[in-house]
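Throughout, protein chains are lettered first and strands after them, A, B, ... in sequence-line order, and every chain is numbered starting at 1. Just so it is clear, the structure is predicted and the values come from calculations on it, not from any experiment.
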Amino acid sequence: MTNKLVLLDGNSIAYRAFFALPLLSNDKGIHTNAVYGFTTMLLKILEDEQPSHLLVAFDAGKTTFRHKTYEEYKGGREKTPSELSEQFPVIRELLDHFGIRHYELPQYEADDIIGTLARQAEQEGFDVKVISGDRDLLQLVSERVSVAMTKKGITNIETYTPSFMEEKVGVRTDQFIDLKALMGDSSDNIPGVPGVGEKTAVKLLTQFGNLDSIYDNLDQVSGKKLKEKLETNKEEAYMSQQLVTIEVAAPIEVGLADVNYDGYDTTEVSRYFKELGFQSLMGRITGEEVEEATPEDLPELHFTILEEVKEEHLGQPAALVVEMLGENYHTAEVEGIGLVHEAGAYFIPTSVAMESELFKSWLEDSQQEKYVFDSKKTYVALKRFGIEANGLSFDLLIASYLINPSENHHDIPSISQRTLKTPISYDENVYGKGAKMKVPEQSVLAEHVVRKTDALFQMKSQVVEQLQENEQRELFNELEMPLSTILGNMEHTGVKLDLERLNAMGEELKERLGQIESDVYELAGETFNLNSPKQLGPILFEKLELPVIKKTKTGYSTSADILEQLRDKHEIIPKILIYRQLGKLQSTYIEGLLKLVTEDEHKIHTRFNQALTQTGRLSSTEPNLQNIPIRLEEGRKIRQAFIPSVSGWKIFAADYSQIELRVLAHIANDDKLIQAFNDSEDIHTKTAMDVFHVNKEDVTDQMRRQAKAVNFGIVYGISDFGLSQSLGISRKEAKTFIERYLESYPGVKDYMEEVVQNAKQTGYVTTLMNRRRYLPDLTSRNFNQKSAAERTAMNTPIQGTAADIIKKAMIDLHERLEEEQFEANLLLQVHDELILEAPEHELEKLKDVVVDVMEHTIELSVPLKVDYSYGPTWYDAK
DNA sequence: CACCCCACGC
DNA sequence: GACGTACGTGGGGTGC
């Protein structure tokens with residue numbers, strides 16, 4: 001077997017880990033984020049690479065032999081934060097526990113150690129893999145040496161081989177040093193040739209081969225300016241070349257024999273993990289089942305499995321867990337119920353619970369307070385048994401989500417770990433996952449359920465305190481909690497589908513798809529899988545020799561916007577586009593919906609996720625009813641299959657007009673924008689007038705379209721790049737549009753600046769109703785991350801406030817419909833619109849009520865405007 | 001089963 | 001100059 005040497009750039013990985021992860025600290029108050037990230041990376045490498053030899057190289061100190069050549073080497077770098085430098089000794093200690101050699105050499109950098117050992121190992125016939133985030137190391141790439149660069153985050157890596165290098169960088173490995181010599185490297189303060197960037201450097205090297213040859217043939221360099229620059233900066237170029245060249249004969253005192261690696265001692269490492277508080281990594285070091293939360297570790301728990309529910313078992317407030325396996329609570333079986341209150345802890349088998357009138361009436365009693373995790377799920381599950389749960393006063397899922405929506409582990413064990421510091425087994429470890437998921441024996445099930453219920457009971461007060469600190473009690477109690485039940489009812493009600501209609505559309509599509517498919521094969525001269533971009537790419541861009549506009553990581557891009565640009569180049573293109581369009585309708589919307597329709601009622605029951613999006617919007621799954629086609633007529637027809645559940649009823653739809661821009665006008669308090677809405681102007685036309693400085697009569701369709709895209713950009717927080725993409729213009733032009741917009745609306749401009757400034761201070765942004773979103777990247781040193789966070793800071797209050805408003809409208813509407821005894825049902829919410837079904841005779845009154853409620857649920861400095869319509873199907877409600 | 005590419009909505 | 005750029009969900013293909 002070939003020996004395999006893995007060389008890690010310790011400093012680089014630690015840096016990456018440090019900046020990629022939030023500043024975690026363990027219970028001893030020591031920062032551990034870099035150590036943690038480093039460990040994750042290390043475990044992944046050990047697993048993936050199975051090295052026979054392993055060494056971690058570190059930089060020795062501040063000065064290196066390179067400083068003799070160039071004093072300012074690595075000058076201008078920010079000082080390593082102390083939160084990171086204090087972690088280096090811990091990383092070294094960690095490596096010792098793993099039995100992994102680490103090494104540093106005075107006056108040399110980690111690169112040189114790596115280079116030297118890599119070359120030695122190569123000579124000995126080893127396979128070598130270098131892992132780092134420092135691109136300089138790419139010069140080591142050869143047939144036997146591959147270099148893995150960390151990309152975004154830490155475990156996301158990209159491996160460079162000679163061929164990948166050529167493809168990605170555009171030069172051969174042996175040209176890499178000269179590439180850097182020409183273009184320099186600002187992070188290491190290497191000058192290069194000023195004015196020569198990556199593009200020019202690659203061009204020069206492709207033409208001349210190497211640096212020497214460029215200078216030998218200076219007269220052949222095209223461009224007077226460029227020639228001059230090269231000439232005057234020759235010395236810098238050669239000095240840069242020297243600086244970036246990695247020493248491959250450093251006087252290191254470790255040899256290949258010293259870095260032999262046979263793996264680590266699991267007990268040793270797990271002991272150290274425990275010391276560090278790396279609970280979650282325990283499971284990864286044994287290669288076996290996660291050993292977290294073994295019964296021994298957990299405090300004892302006394303509970304009773306009930307055979308009959310009696311008065312004495314009930315109490316309030318109580319934590320209640322209706323346990324189901326899997327995600328879909330519309331179909332999942334209830335496996336049992338956990339109940340914990342001051343006086344006892346119980347597991348109630350489903351049959352016992354559902355046969356008990358006493359228990360059922362307790363569930364329905366609004367005076368009996370219950371704490372739950374996911375009230376909507378609980379509510380819907382019980383509703384399936386004909387029980388109308390009441391008194392669900394506290395939902396841990398929603399609370400956790402409101403406190404920090406970006407935390408993506410909102411499950412009882414994770415929250416318990418965070419707030420109580422008590423570990424509980426994760427569902428996945430008790431039930432298994434995917435196809436292997438199964439119900440364990442009752443004692444195991446009962447213990448797990450009761451433990452979760454108990455944790456829920458214990459956590460309630462702490463979590464409420466956190467809501468209080470965030471000033472989110474009202475948001476929680478008056479908005480999200482009541483909404484949960486309303487959404488539960490909508491989901492439970494479901495939407496009826498016209499199966500005949502759907503099937504007929506499916507048939508027609510099948511026919512057309514078949515025809516187009518064979519046309520495409522004919523035009524291509526061969527058959528292939530038209531659904532595979534990987535197979536389609538070579539057909540278009542090699543066989544048919546169409547111009548390559550864009551490549552993806554794995555091949556040619558064949559996305560719609562690319563194909564659109566090729567539309568006139570070959571008659572196969574429009575066929576592919578229409579095939580894609582129809583194929584999407586067939587697979588996602590026809591087949592996808594048919595798969596989920598109930599047999600008896602022909603209804604679909606989506607699930608709204610109320611605790612997921614970062615902005616406060618809802619999302620919808622299985623099926624997603626928030627992305628049913630509307631833009632193109634072909635797709636829009638799908639909506640003809642969405643019908644009222646009672647014959648003679650109608651589908652009624654009401655949507656907010658420009659709610660986000662109105663919200664913006666309000667929170668930015670921009671006079672001009674407020675005026676525009678108060679005057680009921682067409683906002684896109686108005687924007688066009690202001691951005692292009694023209695009169696209303698002179699606004700062309702083109703101008704309005706562009707203004708609309710700018711408004712779209714403001715609402716969704718897209719970048720100049722995004723805007724340029726959507727308008728098919730240059731990034732510079734897009735930037736100008738945005739600037740002109742902000743000049744036109746100074747109130748908006750001020751708001752944008754203020755909100756970012758404010759968010760930098762506090763670390764988060766808020767909506768009108770105090771929804772919160774943390775934006776740690778606002779202080780990122782990475783330009784892109786930082787600007788993305790800035791756009792998010794500007795956009796989230798807008799989108800989030802709009803989400804708050806429609807949620808409030810739903811609550812108000814629900815109340816009005818009950819009060820006035822409407823039969824109409826709320827069915828769906830699609831971000832800025834509500835879809836209902838109603839008997840025909842209610843329509844006249846319904847439209848008044850819905851419009852009134854939606855328009856007046858909140859008072860802003862601009863009016864809210866609602867449009868509505870209705871018809872026999874969703875399609876007709878347009 | 002995880003990942004990529006692609007496409008739908010707001 | 002930075003190199004990847006609104007948020008979601010889902011389907012099909014691909015490779016482990």
Point to revise | Those residues that, when tested against A:Glu790, pass side chain to side chain donor-acceptor pair (under 3.5 Å) (two or more places apart) | key: A:Lys760
Revision key, fill the gap. Separation of C:dC3 atom P from A:Lys550 atom NZ, nearest Å, is 18 Å
**Study point:** Under 3.5 Å: donor-acceptor pair, side chain of A:Gln614, backbone of A:Pro405
**Key:** yes
Point to revise | Any A:Lys433 side-chain N or O less than 4.0 Å from OP1/OP2 of B:dA2 | key: yes
Check your understanding: When only distance counts, do a donor and an acceptor, one from the side chain of A:Arg791 and one from the base of C:dG4, lie under 3.5 Å apart?
Key -> no
Practice item. Determine whether the side chains of A:Glu542 and A:Tyr556 contain a donor N or O and an acceptor N or O closer than 3.5 Å. Key: yes
Exercise for review: Find the partner of B:dA2: check Watson-Crick (N1-N3 plus N6-O4 or O6-N4) and G-U wobble (N1-O2, O6-N3) distances, both under 3.5 Å, and reply none if neither fits.
Suggested key: C:dT14
Practice item. Round to a whole Å and report the spacing from CD of A:Glu327 to C1' of C:dT9. Key: 13 Å
**Study point:** Interatomic distance, A:Glu591 CD vs C:dG11 P [rounded to whole Å]
**Key:** 10 Å
Review point. So what does A:Asp720 hit on the nucleic acid, given a heavy-atom distance under 4.0 Å: a base, only sugar-phosphate, or nothing?
Key: nothing
**Study point:** Basic-acidic side-chain contact under 4.0 Å: A:Glu833, A:Lys878
**Key:** no
Review point. A:Gln581 side chain: which of B:dC8, B:dC5, C:dT14 is closest?
Key: B:dC8
Revision key, fill the gap. Considering only heavy side-chain atoms of A:Lys584, the closest of C:dG10, C:dG12, C:dT5 is C:dG10
Review point. Of all the choices, C:dT9, C:dA6, C:dG13, which nucleotide is nearest to the side chain of A:Asn529 once you look at every atom?
Key: C:dG13
Exercise for review: Identify whether any heavy atom of A:Gly555 sits under 4.0 Å from a base atom; if not, whether one sits that close to sugar-phosphate; answer base, sugar-phosphate or nothing.
Suggested key: nothing
Exercise for review: Return the nearest nucleotide to the side chain of A:Asn624; candidates are C:dG4, C:dG8, B:dA7.
Suggested key: C:dG8
Review point. If you check every side-chain atom of A:Ser557, which of B:dC4, B:dC6, C:dG4 has the closest atom?
Key: B:dC6
**Study point:** Per A:Ser532 side chain, nearest of listed nucleotides C:dG12, C:dT14, B:dG9
**Key:** C:dT14
Exercise for review: Using a strict 4.0 Å threshold on nitrogen-to-oxygen distance, state whether A:Glu517 and A:Lys510 make a salt bridge.
Suggested key: no
Exercise for review: Send over the distance from A:Asp655 CG to B:dG9 P, rounded to a whole Å.
Suggested key: 15 Å
Point to revise | A:Ser619 side-chain N/O to C:dT9 phosphate OP1/OP2 under 4.0 Å | key: yes
**Study point:** Proximity to the side chain of A:Pro629 - top-ranked nucleotide from B:dC8, B:dC6, C:dT9
**Key:** B:dC8
Check your understanding: Using the C1' atom in both, what is the distance from B:dC10 to C:dG4, to the nearest Å?
Key -> 23 Å
Check your understanding: With the threshold set at 4.0 Å, does a side-chain nitrogen-carboxylate oxygen contact exist between A:Arg567 and A:Glu564?
Key -> yes
Practice item. Select base, sugar-phosphate, or nothing to describe what A:Gln614 touches, counting heavy atoms under 4.0 Å on all strands. Key: sugar-phosphate
Review point. Which nucleotide in the set C:dG13, C:dT5, B:dA7 lies at the smallest distance from any side-chain heavy atom of A:Ser719?
Key: C:dT5
Practice item. Write down the distance between CD (A:Gln785) and P (C:dA2), rounded to a whole number of angstrom. Key: 16 Å
Practice item. Taking only the side-chain nitrogens and oxygens of A:Thr554, find out if one of them lies under 4.0 Å from OP1 or OP2 of B:dC5. Key: yes
Point to revise | Euclidean distance, atom NZ of residue A:Lys637 to atom P of B:dG9 [Å, nearest integer] | key: 15 Å
Practice item. Please state whether the phosphate of C:dA2, meaning OP1 or OP2, lies under 4.0 angstrom from any side-chain nitrogen or oxygen of A:Lys786. Key: no
Review point. Going by an N to O cut-off under 4.0 Å, is there a salt bridge joining A:Lys376 and A:Asp374?
Key: no
Point to revise | C:dT5 to B:dC6 separation - P atoms, rounded to the nearest Å | key: 14 Å
Review point. Under 4.0 Å between a side-chain N/O of A:Gln586 and OP1 or OP2 of C:dG11, yes or no?
Key: no
Practice item. Answer yes or no: does a side-chain N or O of A:Asn784 lie under 4.0 Å from OP1 or OP2 of C:dC3? Key: no
Exercise for review: Select one nucleotide: of B:dC10, C:dG13, B:dA7, the one nearest the side-chain heavy atoms of A:Ile630.
Suggested key: B:dC10
Exercise for review: Indicate whether OP1 or OP2 belonging to C:dC7 is found under 4.0 Å from a side-chain N or O atom of A:Arg617.
Suggested key: no
Study note, to complete from the structure: Here the distance between atom C1' of B:dC10 and atom CG of A:Leu834, to the nearest Å, is 14 Å
Revision key, fill the gap. By nearest-nucleotide position on DNA chain C, the 5'-leaning member of A:Phe783 and A:Gln799 is A:Phe783
Check your understanding: Picking from B:dC8, C:dG10, C:dG4, which would you name as closest to the side chain of A:Glu622?
Key -> C:dG10
Check your understanding: Taking OP1 and OP2 of B:dC5, is either one under 4.0 Å from a side-chain nitrogen or oxygen of A:Thr552?
Key -> yes
Review point. Is any N or O donor-acceptor pair between the side chain of A:Asn531 and the base of C:dG12 shorter than 3.5 Å?
Key: no
Check your understanding: Rounding to a whole Å, what distance do you find between A:Leu632:CG and B:dC10:P?
Key -> 12 Å
**Study point:** Gap separating the CZ atom of A:Phe176 from the CG atom of A:Asp136, nearest 0.5 angstrom
**Key:** 6.5 Å
Practice item. Have a look at A:Arg731 and say if it touches a base, only the backbone sugar-phosphate, or nothing, with a 4.0 Å heavy-atom cut-off. Key: base
Practice item. Would you mind classifying the nucleic acid contact of A:Thr558 as base, sugar-phosphate or nothing, using non-hydrogen atoms under 4.0 angstrom? Key: sugar-phosphate
Check your understanding: Using atom C1' of each nucleotide, how far apart are B:dC3 and C:dA6 to the nearest Å?
Key -> 23 Å
